Amino acid sequence: MEKCESGGGRREEVKVPLLEKYSSSKAIQLKDDNKQVQDGLRRRFWIESKKLWRIVGPTIFTRIASYSLNIITQSFAGRLGNLELASISLSITVILGFNFGLLLGMASALETLCGQTYGAKQYRMLGIYLQRSWVVLFLCVVLLLPVYIFTSPILKLFGQPDDLAEQSVLVTIWLIPVHFAFAFQLPLQRYLQCQLKTPITAYISWFGLAFHIFVNWLFIYKLSFCIIGAAVTMNISWWIIVLAFFCYVVCGGCPNTWTGFSMEVFSDLWEFFKLSATSGVMLCFLLFNLLWLQFMVHVKCTVWRIVRVANELGAGKGKAAKFPSIISAITSLIVGLCICFLILIFHGKLATIFTSSNIVIQEVDKLAVLLAITIFLNSIQPVLSGISHLFYLAHIVYPLCHR
């Protein structure tokens, strides 16, 4: 009952249904609850996004810097002539790129293993896994050496001109030291990444990129070493990065996880090899410069998701592992759309990075739309992968961890 004042000044009682009063108060309460939920979701989104970019930002910069070594070399070589550009591009993009993709995938096994181990605070095992990855990747590098030695017949088999095939094999032979550098650099980078030491990898990689620009200018323009000079600069720059990573790890940068070399590395080596080989298959065919450079952003978002989820699962927090997957998938899609629009805007200028030949520039311009579409599809793939990952996490992994 509520009281109201009538026109004659007399107060009258007006009946208000209890159900209506209850419904009104309940609606207000639900509105407040929804607002709190939305505010909490925004806050969680912001916090998780900051975590993502603290981890993924340096790793993206690291990968861009590392892969820019290839682009810088091709850019300098492109000024020497079309044949030089074609031979260095084939050698780096096809031969070196194929092997890099395979080794990158094999090294990615460390992301899950080290992520879970670090989350479970079994720090010593991270150093063991790193050394096992070195052994496995080194053996794989040795097995892949015939690809470099027989580059000429391989390219001729696929219809490349004789002069291009002969010059390409000369370049690939000189690139063999880079091939061995991959076996040590890729595991080191993932080992540091799983410990959230991504800033140091970014600093070293960007220093290596700056040094690489200088030695390319010195060897190609000043000393006139031509195409061989371009291959030599790749060797120098990659091994400087590898040695810098290694010195940081063994000289006290990772005191909890690096306890020195151990013979324990050789136990369960076959199981580790099978896991690494499975991871390597899915990446071994990613070969193209601009597409690969863009794909690295999505790869690193996916890597961040793997590391965060592995950390949470290692700590026994299955439900907490879901939200990072959503954030990384959304971020990957937004970045892909931005890069897609940039490709469409500057479609006529893409090839000028590598060459001044009008013929090459025009042909690349024709493929720009196809490249943009491919980039867009590549940005969707991690989103779909994230959805399947969430399903797997929610319905398989989490129940198994909490039986």
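Not measured: the values here are computed from a predicted model.
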Are any non-hydrogen side-chain atoms of [X] and [Y] less than 4.5 angstrom apart?
X	Y	value
L188	W134	yes
H179	L103	yes
C194	L110	no
F245	F184	no
V249	L192	yes
M106	C140	yes
L104	R190	yes

Report the relative orientation of the aromatic rings in [X] and [Y]; use parallel for angles under 30°, tilted for 30 to 60°, perpendicular for over 60°.
X	Y	answer
F261	W258	perpendicular
F100	F182	perpendicular
F219	F225	perpendicular

Separation of [Y] [atom2] from [X] [atom1] (nearest 0.5 Å):
X	Y	atom1	atom2	value
L130	F246	CG	CZ	9.0 Å
I128	M263	CD1	CE	11.0 Å
I241	I236	CD1	CD1	12.5 Å
W206	L209	CH2	CG	5.5 Å
I240	Q185	CD1	CD	13.5 Å
S237	N70	OG	CG	10.5 Å

Restricting to non-hydrogen atoms, name the atom on [X] and the atom on [Y] that form the minimum distance, rounded to 0.1 Å.
X	Y	answer
M125	T117	CB-CG2, 3.6 Å
I220	A230	CD1-CB, 3.9 Å
W238	S66	CZ2-O, 3.7 Å
Q131	S262	OE1-N, 3.2 Å
Y191	C254	OH-CB, 3.5 Å
T233	V215	CG2-O, 3.6 Å

Run the numbers on L139 and V135 for side-chain contact (heavy atoms from CB on, under 4.5 Å), then give the verdict.
CA-CA 6 Å; L139 294 175; V135 173; 4.3 Å; yes
Between Q189 and T62, is a side-chain hydrogen bond (donor to acceptor under 3.5 Å, both in side chains) present by the stated rule, with each step listed?
CA-CA 9 Å; Q189 184 179 333; T62 299; 5.2 Å; no
Please test F180 against W239 for ring pair (Phe, Tyr, Trp, His ring centres under 6.0 Å), starting from the C-alpha separation and ending with a verdict.
CA-CA 9 Å; F180 278 91; W239 274 103; 8.1 Å; no
Evaluate side-chain contact (heavy atoms from CB on, under 4.5 Å) for L155 paired with L164, printing each intermediate quantity in order.
CA-CA 9 Å; L155 292 179; L164 178 58; 5.6 Å; no
Table please: side-chain donor-acceptor pairs of residues 169-176 below 3.5 Å, with sequence neighbours left out.
unit_1	atom_1	unit_2	atom_2	d
T172	OG1	Y148	O	3.3
T172	OG1	T151	OG1	3.1
T172	OG1	S168	O	3.2
T172	OG1	V169	O	2.9

Sub-3.5 Å donor-acceptor pair from the side chain of [X] to the main-chain atoms of [Y], do we have one?
X	Y	result
S133	Y129	no
R132	E264	yes
H212	L69	yes
T201	T198	yes
S205	A202	no

What verdict does the side-chain contact (heavy atoms from CB on, under 4.5 Å) test give for M234 and L96, after you've listed the backbone C-alpha separation in whole Å, the side-chain angles of each residue and the deciding distance to 0.1 Å?
CA-CA 11 Å; M234 289 281 290; L96 198 66; 4.0 Å; yes
Please report the C-alpha distance between E166 and K156 in whole Å, then the side-chain angles of each, then the deciding distance to 0.1 Å, and finally whether the side-chain contact (heavy atoms from CB on, under 4.5 Å) criterion is met.
CA-CA 9 Å; E166 294 299 331; K156 290 178 182 178; 2.8 Å; yes
Is the closest side-chain donor-acceptor distance between S89 and Q74 under 3.5 Å?
yes
Return yes when atom OH of Y123 has more than 12 non-hydrogen atoms of other residues, nucleotides or ligands closer than 6.0 Å, and no otherwise.
yes
More than 12 heavy atoms of other groups within 6.0 Å of Y221 OH:
yes
